[in-house]
Amino acid sequence: MEENKLPTRSENYNEWYNQLVLRAELADYAPVRGCMVVRPYGWAIWENIQKALDQRFKDTGHVNAAFPLLIPQSFMTKEKEHVEGFAPELAVVTHGGGQELEEPLVVRPTSETVIGTMYAKWIQSYRDLPVLINQWANVVRWEMRTKLFLRTLEFYWQEGHTAHASEAEAIEETERMLNVYADFAIKEAAVPVLPGQKSEVEKFAGAVATYSIEAMMGDTKALQAGTSHFLGQNFAKAFDIKFLDENNTLQYCWTTSWGVSTRFIGATIMTHGDDQGLVLPPNLAPYQVVLVPIYRKDSEKTSVMEAVSRLQQGLEAIHVRTKLDDRDGVTPGFKFNDWEMRGVPLRIEIGPKDLANGTIALARRDIPGRKGKQFLPMAGYQEAVPELLANIQDSLLRKATQFRDSHIFEVETYEDFKEVVETKGWAKVWWYDDPENEAKIKADTKATLRNYIPDVQGEGTCFLTGRKTRKMAYFAKGY
RNA sequence: CGGGGUGUAGCGCAGUCGGCUAGCGCGCUGCGUUUGGGACGCAGAAGUCGGCGGUUCGAGUCCGCCCACCCCGACCA
């Protein structure tokens, strides 16, 4: 059916992506342009992301709480850079209860201001510190152009907000959470992100320093997949977050914030997806295994269904997420393609032949076509399935890492730089920091500074200015 | 807000030198045959042709205005 084929990744990546998310029923366009409607399958991916992140937050001493959606407009103006950064993209509520409000409310674009206000009330003493709170929430940023999952007007995320007694401790927290994100992305999503610091130009409005994890999508464009900000005392001063230290001296707190959003679903899709559709990493897939029963006659159906159900229970018992596709009226071939498009990592087929032979047919999604299909003895499935899932998880990470590394090029001249970011991928360069040159590069090539490469040893020559520098950076076109 | 494009059934589109009952593919409903890689037959349901106004015996088709959406820029998790 020609009409049902996806556009290919190479032909039109954007179209491929849009069709993919819509056909896999991950999200729908809302009546309000750019607002999120996530269908159950897509939301299940998000829930798995939430679970994996939440566990890591708790392991690092954080707790969850909830803060208001509506923020008095005046809160947003308290931190100078913050207001400049966010003013253009605020949704403003002017009426409530049928009356015009005395002060307009903005729908939170991020919660530093609300949470800062509460922290000012909660924190009195060094004994109250650190405060390590995370919130799962939706936020609204009135972007001019939207793209499903990557840049929606409304999006879901988690935002962590912490307050500390010392600068060193806050910086440590900022870096810790960056590493938590990197660990999560690599281990759970098999997305080989590169952590590093953002430039002055690209940093968060109101932050002293911003760090990000950067991911390379299947078209080699870069995507900021998570951020961690060291806010210094900027917000503490704007919101009066103070404490008495051990010496009875009144001091401003040092704060951080960090977030990962539903954009990460997009990052996962665009990292692993192929021309057949989604390819989901087993750790995040809503269903890790789909079971497809195959039968012709009613007599076959009974015994096949019985075997399949037993298998499903056996898998659920060892905590494998399964889906039994017992739809009548569609052929097995249709089901195969359907679940491939939805990216289920492993498919098990059981038919009369398998019952006769004591086997199951296993097909792995990460190996395209029928090459990924193998027959195994049914008896060993409780060992074979987890092993295969782990194998797929590893193999996705390996493949994505290889892809990324083969599309990063170290360049020394602007000519080479332009060629790389235009046609090949990311440029890795020695970089002497200069906002004006950064802006010039963006104007010339549309490439932005993704982040600085951490732990660079020694000294080099800036590819653009020829000046000596100790920094290296990635430049790439981004989403 | 600038530049380009598109609006016709749930989705993708054809029809556009005016012409009578507006079409195709997919999907959807019913029945039957099928079912180990996107099944087939028959019978159906579904449309203010983006909106408003104009020209005309007659407008999806021509003219004017408006609206919406998409792509490329400025903005961005």
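Chain letters run A, B, ... following the sequence lines, proteins first and then strands; every chain starts at 1.
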Can you measure A:Glu89 atom CD to B:A77 atom P for me and round it to whole angstrom units? 7 Å
To the nearest 0.5 Å, tell me how far A:Leu194 CG sits from A:Ile453 CD1. 8.0 Å
With rounding to the closest Å, how many angstrom separate the C1' atoms on B:G2 and B:G15? 34 Å
Does a nitrogen or oxygen in the side chain of A:Lys446 sit under 4.0 Å from OP1 or OP2 of B:C75? no
Is the shortest side-chain heavy-atom distance between A:Leu26 and A:Ile45 below 4.5 Å? yes
How long is the line joining CG of A:Asp328 and P of B:U29, in whole Å? 14 Å
To the nearest Å, give me how far apart CZ (A:Arg141) and C1' (B:C75) are. 12 Å
Inter-nucleotide P distance (B:C28, B:G50), Å rounded: 26 Å
Rounded to the Å, how far apart are A:Asp354 CG and B:G36 C1'? 8 Å
hbond_proxy A:Arg296 side chain to B:G36 base (donor-acceptor, 3.5 Å cutoff): no
Ion pair check, A:Arg365 and A:Glu340, cut-off under 4.0 Å: no
Taking the same atom, P, in B:C63 and in B:U16, what whole-Å distance lies between them? 15 Å
Suppose you measure atom P in B:U33 against the same atom in B:G37; what distance do you get, rounded to whole Å? 22 Å
A:Glu349 bridged to A:Arg347 by N-O distance under 4.0 Å: yes
Under 3.5 Å donor-acceptor pair, A:Asp338 side-chain atoms to B:G38 base atoms: no
Pair of N/O donor and acceptor under 3.5 Å linking B:G37 base with A:Lys373 side chain: yes
Separation of B:A77 atom P from A:Leu53 atom CG, nearest Å, is 18 Å
Which is more 5' along RNA chain B, the nucleotide nearest A:Met144 or the one nearest A:Glu154? Just name the residue. A:Met144
What distance, rounded to whole Å, do you find between the two P atoms, one in B:C52 and one in B:A43? 37 Å
Using the P atoms only, state how far B:G30 lies from B:C49, rounded to an integer number of Å. 30 Å
Scan A:Thr152 against the nucleic acid and name what it touches under 4.0 Å (heavy atoms): base, sugar-phosphate only, or nothing. base
Sugar-phosphate, base or nothing in reach of A:Lys297, heavy atoms under 4.0 Å: nothing
Going by 5.5 Å between centroids and 30° between planes, is there a stack of A:Phe155 over B:A77? yes
Less than 4.0 angstrom from a charged side-chain N to a carboxylate O is my criterion; do A:Arg176 and A:Asp183 meet it? no
Using a strict 4.0 Å threshold on nitrogen-to-oxygen distance, state whether A:Asp328 and A:Lys301 make a salt bridge. yes
Whole angstrom value for the distance that separates C1' of B:C70 from OH of A:Tyr17: 17 Å
Between CD of A:Glu349 and P of B:G37 the distance, given in whole Å, is 8 Å
Using the C1' atom as the point on both nucleotides, what is the distance between B:U8 and B:G51, in whole Å? 14 Å
Whole angstrom value for the distance that separates C1' of B:C76 from CG of A:Leu90: 13 Å
Can you check the distance between B:A46 and B:G3, where both ends of the measurement are the P atom (answer in whole Å)? 44 Å
